[in-house]
Student: 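Shown below is the structure under consideration.
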Amino acid sequence: MTNELKPMKAVIFDLDGVLVTTDGFHYRAWKELADELGLAFDEEVNHQLRGISREDSLRAIYRNNPGIQLPPDDVFHAQCTSKNARYVELLQQMTPADILPGALELLEALRAEGIKTGVASASKNAPLVLERTGLGKLIDAVADGNSVARGKPDPEVFLVAAQKLEVMPENCVGVEDAATGIEAIHRAGMPAVAIGKQAVGGDVTVNKTAELNIAIIKELWMSKQKG
Ligand code: B16
Ligand code: MG
């Protein structure tokens, strides 16, 4: 019996915290809303919001304010909309300078080797971020908060990205900076690269995107083939 090696056909990247950083913009938009509503909110709480949807983020902010009740649905959604309006306003300042160091080089190296590149982001603003930074040119397919019903850790966004890339999940590697995202990648049946130690559970971890290169991804792929 021959032991055929599966080829790696695509690498699917989370967006925020992996290819770009919008943390500061999310923080400012949430902070302004929180101040208006008299809710406590700081950088530490902001950190907990990595990779989770807008609605789950606001729920988490309320959870951190145990004395204050979650408002009725219509008010809650109006608060999400108001945060997003401010966030979108802040995103207009984004430029190619907001691409994380190493991201462009990695995407170009994958392209040069004929490996497809995808994005799997929880953000409904992913298309705007890709457009503002110019990253869209190096991405073959995008799955985001607009294309899925279930957020990470559900695997849907990674599976939709693979489908849009026209590759099987078993031929993909995922890259994430959040633990929920690592779980989503694994549940999609893909090996996971973790960016930063907060992204617990990765098959390989690097401290930042600048430390990731195609050789590390290939090595991970080979080790999974053997295992
Ligand atoms: P939006 P990712 C995530 O993007 C962010 O990390 C998270 O902080 C944000 O709440 C979420 O997108 C939803 O974003 O409000 O723009 O739809 O890391 O999955 O690329
Ligand atoms: Mg992220």
Side-chain angles (χ1 to χ4, degrees), residues 11-34 41-64 76-92 94 98-100 103 117-133 135-136 139 141-161 174-185 188 192-202 205-206 208-209 212:
V11 179
I12 301 177
F13 295 89
D14 170 54
L15 184 59
D16 288 332
V18 172
L19 299 177
V20 297
T21 180
T22 54
D23 256 25
F25 298 132
H26 278 298
Y27 176 76
R28 279 169 64 186
W30 282 128
K31 181 70 181 149
E32 286 176 25
L33 179 76
F41 179 72
D42 57 21
E43 296 271 6
E44 208 182 301
V45 179
N46 193 52
H47 234 56
Q48 298 167 20
L49 312 182
R50 266 172 202 260
I52 64 171
S53 71
R54 198 176 306 159
E55 290 74 16
D56 285 346
S57 298
L58 186 52
R59 275 183 213 106
I61 294 172
Y62 273 100
R63 264 201 310 280
N64 274 280
F76 177 84
H77 287 294
Q79 291 173 356
C80 285
T81 303
S82 150
K83 179 267 173 178
N84 192 55
R86 181 64 180 128
Y87 177 62
V88 169
E89 194 176 48
L90 293 168
L91 283 184
Q92 306 306 323
M94 274 195 114
D98 293 301
I99 297 173
L100 282 169
T117 56
V119 157
S121 169
S123 176
K124 290 185 172 159
N125 296 299
L128 176 61
V129 171
L130 290 169
E131 193 237 313
R132 293 293 316 160
T133 55
L135 268 175
I139 302 293
V142 179
D144 59 28
N146 305 295
S147 9
V148 297
R150 297 176 298 277
K152 302 167 189 176
D154 191 282
E156 188 180 12
V157 72
F158 283 93
L159 294 173
V160 170
V175 186
E176 257 290 349
D177 73 317
T180 47
I182 297 287
E183 186 181 334
I185 294 172
V193 177
I195 307 278
K197 56 182 184 309
Q198 75 290 336
V200 287
T205 302
V206 295
K208 48 188 178 194
T209 306
L212 184 59

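One-based numbering, in listed order, for ligands and for the atoms of each.
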Student: Can a side-chain donor-acceptor contact be found between T22 and D16 if the only test is distance below 3.5 angstrom?
Tutor: yes
Student: For a quick check under 3.5 Å, do N125 and N84 share a side-chain donor-acceptor pair by atom type?
Tutor: yes
Student: What protein heavy atom lies closest to atom 19 (O) of ligand 1? Include the residue and the distance to one decimal.
Tutor: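 For this ligand atom, the closest protein heavy atom is A122 N, 2.7 Å.
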Student: So V18 and V119, do their side chains get closer than 4.5 Å, heavy atoms only?
Tutor: no
Student: If you measure from atom 18 (O) of ligand 1 to every heavy atom of L128, D23, D14, which option wins on shortest distance?
Tutor: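 Heavy atom nearest to atom 18 (O) of ligand 1 belongs to D14.
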Student: Using distance alone, decide if ligand 1 has a nitrogen or oxygen within less than 3.5 Å of any nitrogen or oxygen in N84.
Tutor: no
Student: What are the atoms of ligand 1, with element, lying closer than 4.0 Å to any heavy atom of S57?
Tutor: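 That gives atoms 10 (O) of ligand 1.
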Student: Which protein heavy atom lies closest to atom 9 (C) of ligand 1, and at what distance to 0.1 Å?
Tutor: I52 O, 3.2 Å
Student: Considering only protein heavy atoms, which is closest to atom 1 (P) of ligand 1, and at what distance to one decimal place?
Tutor: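 Answer for atom 1 (P) of ligand 1: S123 OG, 3.5 Å.
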Student: Does CD belonging to Q92 count more than 12 external heavy atoms closer than 6.0 Å?
Tutor: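 Count over threshold, so yes.
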Student: Can you check whether L49 has an N/O within less than 3.5 Å of an N/O in ligand 1?
Tutor: yes
Student: Got R86 and L33 here, is their nearest side-chain heavy-atom distance under 4.5 Å?
Tutor: no
Student: Is it true that some N/O/S atom of E176, main chain or side chain, lies under 2.8 Å from the Mg ion (ligand 2)?
Tutor: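 Not a single backbone or side-chain N, O or S atom of E176 is under 2.8 Å from the Mg ion (ligand 2).
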Student: Below 3.5 Å, N or O to N or O, backbone or side chain included: is there any such pair between D177 and ligand 1?
Tutor: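 N/O-N/O distance under 3.5 Å: no.
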Student: Can you tell me the protein heavy atom closest to atom 4 (O) of ligand 1 and the distance?
Tutor: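 So the nearest neighbour among protein heavy atoms is D16 OD2, 3.1 Å.
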Student: Can you check whether K124's main-chain N or O pairs, donor with acceptor, with D144's side chain at less than 3.5 Å?
Tutor: no
Student: Determine the minimum heavy-atom distance between Q79 and Y62, stating which atoms define it.
Tutor: OE1-OH, 2.8 Å
Student: What protein heavy atom lies closest to atom 20 (O) of ligand 1? Include the residue and the distance to one decimal.
Tutor: S121 OG, 2.7 Å
Student: The Mg ion (ligand 2) is nearest to which N, O or S atom of D14?
Tutor: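 The D14 atom nearest to the Mg ion (ligand 2), restricting to N, O or S, is OD2.
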Student: Which residues satisfy the side chain to side chain donor-acceptor pair (under 3.5 Å) test with D23, sequence neighbours excluded?
Tutor: none
Student: Any heavy atom of G145 closer to ligand 1 than 4.0 angstrom?
Tutor: no
Student: Name the closest protein heavy atom to atom 17 (O) of ligand 1, giving the residue it belongs to and the distance to 0.1 Å.
Tutor: K124 N, 2.7 Å
Student: Looking at D177, pick out the N, O or S atom nearest to the Mg ion (ligand 2) and give its name.
Tutor: OD1
